[in-house]
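Lettering follows sequence order; numbering is per chain, from 1. None of these values were measured; they are calculated from a predicted model.
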Protein chains: 2
Amino acid sequence: MAVTIKDVARVAGVSASTVTRALTMPELVHPETRERVRRTAVTLGYHPNRAARGLITGRTGNIGLLVPDLGNPFFPSVVKGVQARAHEADYAVFLADTDEDATAEAGLVRRLSKQVDGIVLCSPRMPDEELRTLVADTPVVLVNRRIAKVPSVTPEFPDAMRQAVSHLTALGHRRIAYVAGPRSAWANRERLRSLRALTKDIELIEIGNVMPMFEGGVAAADQVLAADVTAVIGYNDLVALGLLNRFMARGVAVPGDISVLGFDDIALAAMVHPSLTTVALPKEQAGRAGVDLLLQLLTEPDRSTAARRELPAQLMVRGSTGPTPA
Amino acid sequence: MAVTIKDVARVAGVSASTVTRALTMPELVHPETRERVRRTAVTLGYHPNRAARGLITGRTGNIGLLVPDLGNPFFPSVVKGVQARAHEADYAVFLADTDEDATAEAGLVRRLSKQVDGIVLCSPRMPDEELRTLVADTPVVLVNRRIAKVPSVTPEFPDAMRQAVSHLTALGHRRIAYVAGPRSAWANRERLRSLRALTKDIELIEIGNVMPMFEGGVAAADQVLAADVTAVIGYNDLVALGLLNRFMARGVAVPGDISVLGFDDIALAAMVHPSLTTVALPKEQAGRAGVDLLLQLLTEPDRSTAARRELPAQLMVRGSTGPTPA
DNA sequence: CATCTATCCGAAATGGATTTCAGACTGGCC
DNA sequence: GGCCAGTCTGAAATCCATTTCGGATAGATG
């Protein structure tokens with residue numbers, strides 16, 4: 001049915017080997033032959049069978065991408081970045097969504113690993129040691145997670161948190177709540193660590209943990225109000241939006257009575273009223289960088305095991321933060 | 001490096017053929033042998049090389065999924081459904097995002113088609129005739145689009161629109177604007193068609209077309225206000241949210257001065273204030289149904305070319321619609 | 001003119017699983 | 001005992017592209 005290399009060979013009057021060479025190692029074949037082969041390949045509509053190629057080269061031309069939850073707009077953005085960069089490099093992308101199930105991650109990785117050259121693991125929830133055994137078998141790049149000897153792309157969390165807290169303290173806030181996300185999320189641990197490092201400037205009330213979703217924020221809102229703070233930082237924008245929503249329902253003015261600050265800068269943050277002040281984390285850019293590191297890992301495995309890219313974050317001041325109430 | 005069928009064969013003391021049979025056509029081998037083979041396969045951690053299998057069977061065990069824009073929360077939901085169902089059936093999913101570029105679609109499909117058994121095309125923007133030539137080469141199922149002789153999954157648009165309009169007329173609205181989405185979107189054409197069929201009950205003002213995004217809604221908002229209507233239906237929730245946002249900025253009360261209604265029921269719709277009345281379209285469910293049809297198409301190509309599944313829509317009444325102003 | 005060196009190309013081996021075909025063995029039946 | 005059918009298994013062919021190895025040709029050199 002499909003056009004094979006033999007068809008091209010026959011029509012072009014050469015052997016299969018020559019066809020391969022003409023297409024993948026052009027300098028090895030006579031210019032004239034090369035052109036003839038290429039033209040017939042085009043006219044016949046020949047595309048090498050990837051399974052056959054993969055069989056012999058051991059490469060698939062695919063990469064895998066694992067995310068915890070596509071329902072969180074943060075991840076589709078990362079996915080877009082991964083896609084874009086992967087397609088540029090002529091790789092196709094396998095996507096899998098774990099539904100925030102840490103125990104499903106390893107299985108999915110192992111399953112994907114047979115059909116891809118490498119995997120971008122975005123915000124994996126599994127424990128360090130499990131992760132470490134995984135990367136022993138498969139080329140893996142981490143996005144939004146960092147462990148020793150594995151290439152990773154992460155935001156500059158300490159700086160991100162510094163920007164957030166500086167903004168709040170500049171507005172007069174001293175007693176600030178943090179609504180924590182999943183304990184298993186590295187990003188949560190890092191945010192917390194960065195935040196605790198700043199307690200010389202502020203008094204920190206930790207609330208949670210909650211799921212990194214709108215409902216998580218709604219669930220934590222009343223505890224935040226009971227904690228008698230003037231500002232609250234949500235684990236991410238969805239949590240912050242949940243807070244906003246519940247505050248509004250209880251008649252608490254934002255930012256009049258309390259300031260709310262999120263993380264991520266999902267598109268949604270600018271769409272609501274009041275719009276959400278948030279720390280924009282690299283998303284598409286992180287996805288692209290993840291693929292970059294992965295491709296590098298695939299081509300020079302030794303040199304890049306420790307490659308690490310930290311991308312800057314940017315505070316986006318919007319309507320949900322303001323001066324402390326008088 | 002990896003465990004091959006030969007390793008299993010050697011250890012189990014049988015031939016490679018027997019290993020295959022024990023694993024894929026169990027009834028053909030002696031129960032005792034079968035068990036021995038299976039156990040050694042497990043202990044050795046054998047997994048058949050998919051490239052090799054694909055080479056001979058012509059099947060990849062993969063399906064492709066094409067969506068216009070992951071940035072629109074509608075699509076990640078569909079993706080989740082596709083993923084879930086595909087994984088149940090032991091298929092992996094290639095995802096590609098076209099960035100709302102109709103001209104990129106065909107190329108991506110063709111590229112994907114080599115490495116998948118079939119493709120779920122979600123809300124494709126390309127013209128009918130182009131689509132028709134594509135489906136000649138590749139098993140394709142359409143989600144959110146319908147053309148003759150191609151299996152498709154669509155919402156019950158006429159009923160969806162009927163629910164929307166009934167709701168608005170019950171509230172007293174008679175002069176209603178529709179902010180149209182992309183002309184190339186089949187869903188837009190269907191919404192418009194269903195809407196025009198209802199003009200005996202209402203006076204319809206058509207505005208647009210706009211991109212199916214928040215910005216599109218913002219851009220159309222002032223035209224809506226100038227049109228002197230008491231209610232507006234957005235092409236989708238993002239457009240409706242854009243309208244809401246701009247109305248608020250201009251001091252127009254929703255639903256006091258104007259009612260706003262969207263389509264899709266993305267998670268966001270319930271998170272904003274006022275929350276958005278919208279017609280919930282099947283999303284995950286549509287994704288699952290799309291995979292179902294595709295698997296059916298792959299197993300019995302003839303019987304199912306015209307398979308068509310229409311899924312019900314449900315009006316979600318929330319805060320953005322109310323009685324006409326007095 | 002003989003020898004050597006590039007340059008270019010083809011034949012054959014390769015990768016791993018599946019499928020076809022044929023052989024070995026068992027049991028049943030005449 | 002001989003033949004047949006049925007059951008189970010192995011050898012070999014197959015899928016397609018790539019890679020290795022060696023052969024052929026042309027040109028260069030002494």
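Rounded to whole Å, the distance from CD on A/Glu35 to P on C/dC9 is 13 Å. Between A/Arg59 atom CZ and C/dG15 atom C1' there is a gap of 16 Å when expressed in whole angstrom units. Going from atom CZ of A/Arg50 over to atom P of C/dG16 covers 20 Å, rounded to whole Å.
Here the straight-line distance linking atom OG1 of B/Thr18 with atom NE2 of B/His30 works out to 12.5 Å at 0.5 Å rounding.
For B/Arg183, the CZ atom is loosely surrounded, since the number of other residues' heavy atoms within 6.0 Å does not exceed 12. The environment of CD in A/Glu32 is sparse: at most 12 heavy-atom neighbours from other residues, nucleotides or ligands sit within 6.0 Å.
With sequence neighbours left out, A/Tyr91 forms a ring pair (Phe, Tyr, Trp, His ring centres under 6.0 Å) with no residue at all. A search for ring pair (Phe, Tyr, Trp, His ring centres under 6.0 Å) contacts involving B/Tyr46 returns nothing, not counting sequence neighbours.
A salt bridge is defined here as a Lys NZ or Arg NE, NH1 or NH2 lying under 4.0 Å from an Asp or Glu carboxylate O, and A/Asp137 with A/Lys114 fails to meet this definition. Taking a cutoff of 4.0 Å between a charged side-chain nitrogen and a carboxylate oxygen, B/Arg111 and A/Asp90 qualify as a salt bridge. Contact check on B/Glu310 versus B/Arg146 returns a salt bridge, with a Lys/Arg side-chain nitrogen under 4.0 Å from an Asp/Glu carboxylate oxygen. Ion pairing between a basic and an acidic side chain is recognised when a charged N comes within 4.0 Å of a carboxylate O; A/Glu129 and A/Arg132 show no such pairing.
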Extract from the structure each pairing of a protein N or O with an N or O of nucleotides 13-16 of chain D at less than 3.5 Å, listing the distance.
none

Contacts under 3.5 Å, N or O only, protein and nucleotides 26-28 of chain D:
none

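Listed by residue number, A/Ser15, A/Ser17, A/Thr18, A/Arg21, A/Val29, A/His30 are the residues of residues 15-32 of chain A with a heavy-atom contact under 4.0 Å to DNA chain C.
Of all heavy-atom pairs between A/Gly64 and A/Leu112, the closest is CA-CD1, 4.2 Å.
Between A/Val141 and A/Leu121, the closest side-chain pair of non-hydrogen atoms is not below 4.5 Å.
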Before giving the answer on salt bridge (Lys or Arg N to Asp or Glu O under 4.0 Å), spell out for A/Arg125 and A/Asp101 the whole-Å C-alpha distance, their side-chain angles and the decisive distance to 0.1 Å. CA-CA 8 Å; A/Arg125 310 299 198 208; A/Asp101 180 356; over 6 Å; no

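Taken over five-pair windows at either terminus, the axes of the helix from C/dC1-D/dG30 to C/dC30-D/dG1 are inclined to one another by 60° (rounded to 10 degrees).
One side chain, A/Ser17 or A/Ser15, offers a donor N or O that lies under 3.5 Å from an acceptor on the other.
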